[in-house]
Structures are given as C-alpha cells and as structure tokens.
Amino acid sequence: ISICRDLPNIEVITFSVNGISDLEPLHQCQNLSELYLRKNNITSLDELFYLKTLPRLRVLWLAENPCCGPDPHRYRMTVLRNLPSLQKLDNQAVTEEELSQALVDGVEITAPPARRSVENGWSESTASSVAGSSTEPDSELLSCSLEETNKTQEELDMKPVSRDKYSSFSPQETDCSCKKRNNVLSAILLLMKELDAEGLEIIQQTVARRLQAFQKKELQEE
C-alpha cells in the first residue's frame, strides 16, 4: 500500500483481504474519511498510531485481523480511545457512551509499532501468511471470493452478488486468480460511486457490449 504516500487527497480506501500488516503509508492521507481493512494481517493495534493523524477519518472496518484479539470489548475500546472521531467501527455505529467508556477501558497508543526484521524483502508475518494461504483448499476459495465480494458490496451499500453468478468459475482456480478477480471487482464498485449519470451510462453500454461478446463466443464454442 506504499502508493498511498502519493495519494494525499484520497477519501475512501478499500483494502479488505490483502495481507496488509503495515499502516504507515496511510498517515499522509489527510482527507481519508473511510478505511476498510477487514481480514488482513494487522497483528498489533499499535498500527493505529498512523491513523491518529487523520482528522477526517469517520469510518473504519478493522474486524477479522489478528490485532482484534480474544477480547472484543478491549479491542473496541482501544480503537475508540485512539480514534475518538470515528462514527462507525466495524459496521457498528459509535455511541457517546462508548467514547466515554473508552477513556477508562481503552489503551492509549503513543508510539508506532516495532518492526520485525526483514530478509530478502519478506517479513516473518508475510511469510507465515503466504504459507498459510497456500494450504487453503480450492473448494473454499470460490466461497471466499463470493463472501468477500459481498462484504465489499455491503461496505458500499450495494446489492449482494448471488451465488449463481459465480457458478461459471471453476473450483480449481488458483488462490491468486480468486483474489485478483475479487480485488478488481471491489475496485470497480468503489470507483462507480464517483461517477455521475453520464458516466454510469457509459459503463452500462460498455458492460452490455462485453456481455454480448461473451455470449457470442459461448455460442461459437458450442
């Protein structure tokens, strides 16, 4: 996510399911208002140190990261103590009572996390993440892709994708292609929020032509 250092004006970022462990590149995104980091490899809540400098951050989705730990109350209180401007955390609205309680039950983060040593461009956490993902059964990858795409749809207040839309994909697809397709779809859905009516009409026409081309190809193959 080092590209974020060159995007100081970006307002919404969706990085769910990307193996991210370091949030340092985000600290210069001063206009960031929504950040989706669900299901990554963030191991320490000390990473919140880099988000404390973002004055406009109102929505954060951090669930399903190792840093959430076994105590959901302590996790939520710590996040809210360090990011009291949040209006929604993990798709749940933040209340005034929680912000007050966070001053008591939350842990204040005053320093950035200590980094592990990096050898040959790979950190220990990255290596373990890759090793773990390589053993994931192919049959679970398709379900993962549909689940994560619908999570992104939920984040963007859009209608979920039905399972039959994914029936054409082979269960033998690799982990890489599964995640790539999901990431591309998430990026497209996110960018569509920025389009006006004229832009959406262009997208609609382009999609219609692409679908016709696919249907024609399938008929030729038959």
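Throughout, numbering of the chain's residues begins at 1 and tracks the sequence.
Residue L23 comes nearest to I1 through the heavy atom pair CA-CD1, 4.4 Å, listed as atom of the first residue, atom of the second, then distance. Closest approach of S16 and N18 over heavy atoms only: O-ND2, 3.0 Å.
Linking Ile, Leu, Val, Met, Phe, Trp and Tyr residues whenever their side-chain heavy atoms come within less than 4.5 Å leaves V107 and Y75 in two separate clusters. Note: the hydrophobic cluster containing L83 does not contain V104 (ILVMFWY, side chain heavy atoms under 4.5 Å, direct or indirect links). Cluster annotation: I3 is connected to L26 through the hydrophobic network of ILVMFWY side chains, with a link wherever side-chain heavy atoms come within less than 4.5 Å. Put simply, I20 and L7 are part of the same group of oily side chains (I, L, V, M, F, W, Y) that touch within less than 4.5 Å, one to the next.
Remark: side-chain polar atoms of D46 are not paired, donor with acceptor, to backbone N or O of S44 under 3.5 angstrom. In terms of modelled atom types and a separation under 3.5 Å, the side chain of D90 and the main chain of A63 share a donor-acceptor contact. Side chain of Q30 to backbone of H27: a donor-acceptor contact under 3.5 angstrom is found. The backbone N or O of E24 lies less than 3.5 Å from a partner atom in the side chain of D22, making a donor-acceptor pair. Although no hydrogens or angles enter the test, the distance criterion places a donor-acceptor pair under 3.5 Å between the side chain of D71 and the main chain of R74. Side-chain atoms of R5 never come within 3.5 Å of backbone atoms of C29 as a donor-acceptor pair (strictly under, hydrogens ignored). At distances below 3.5 Å, not a single donor-acceptor pair connects side-chain atoms of N40 with backbone N or O atoms of P66. A distance-only check finds a donor-acceptor pair linking the side chain of T95 to the backbone of E98 [under 3.5 Å]. Counting only distance, with no hydrogens or angles, the side chain of S33 and the backbone of R56 share no donor-acceptor pair below 3.5 Å. Checking side-chain atoms of R81 against main-chain N and O of L103 turns up a donor-acceptor pair under 3.5 Å.
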| task | Start with the C-alpha distance between F15 and C4, add both sets of side-chain angles, then the distance that settles side chain to side chain contact (heavy atoms under 4.5 Å, CB included), and finish with yes or no. | result | CA-CA 11 Å; F15 278 150; C4 291; 3.7 Å; yes
| Test log, rule side chain to side chain contact (heavy atoms under 4.5 Å, CB included), inputs N41 and N65 | CA-CA 6 Å; N41 194 36; N65 275 278; 5.6 Å; no
| request: Could you please spell out the steps behind the side chain to side chain contact (heavy atoms under 4.5 Å, CB included) verdict for W61 and T14? | output: CA-CA 9 Å; W61 202 329; T14 297; over 6 Å; no
| query | Do I203 and V207 pass the side chain to side chain contact (heavy atoms under 4.5 Å, CB included) test, and can you show the C-alpha distance, the side-chain angles, and the key distance before you say yes or no? | reply | CA-CA 6 Å; I203 294 295; V207 170; 4.1 Å; yes
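Within the model, atoms CG of L86 and CD of Q92 stand 12.5 Å from one another, a figure rounded to the nearest 0.5 Å. Between the CG atom of L45 and the SG atom of C67 there is a distance of 4.5 Å, given to the nearest 0.5 Å. Here the NZ atom belonging to K39 is positioned 14.5 Å from the CG atom belonging to L62, to the nearest 0.5 angstrom. For the atom pair CG (L37) and CD (E47), the distance works out to 10.0 Å, reported to the nearest 0.5 Å. Here the OG1 atom belonging to T110 is positioned 7.0 Å from the NZ atom belonging to K52, to the nearest 0.5 angstrom. Rounded to the nearest 0.5 angstrom, I10 CD1 and N31 CG are separated by 10.0 Å.
Using a 4.5 Å cut-off on side-chain heavy atoms (C-beta onward), L60 and Y36 make no contact. Counting heavy atoms from C-beta on, the side chains of N82 and E108 come closer than 4.5 Å.
Ion pairing between a basic and an acidic side chain is recognised when a charged N comes within 4.0 Å of a carboxylate O; R58 and E34 show no such pairing.
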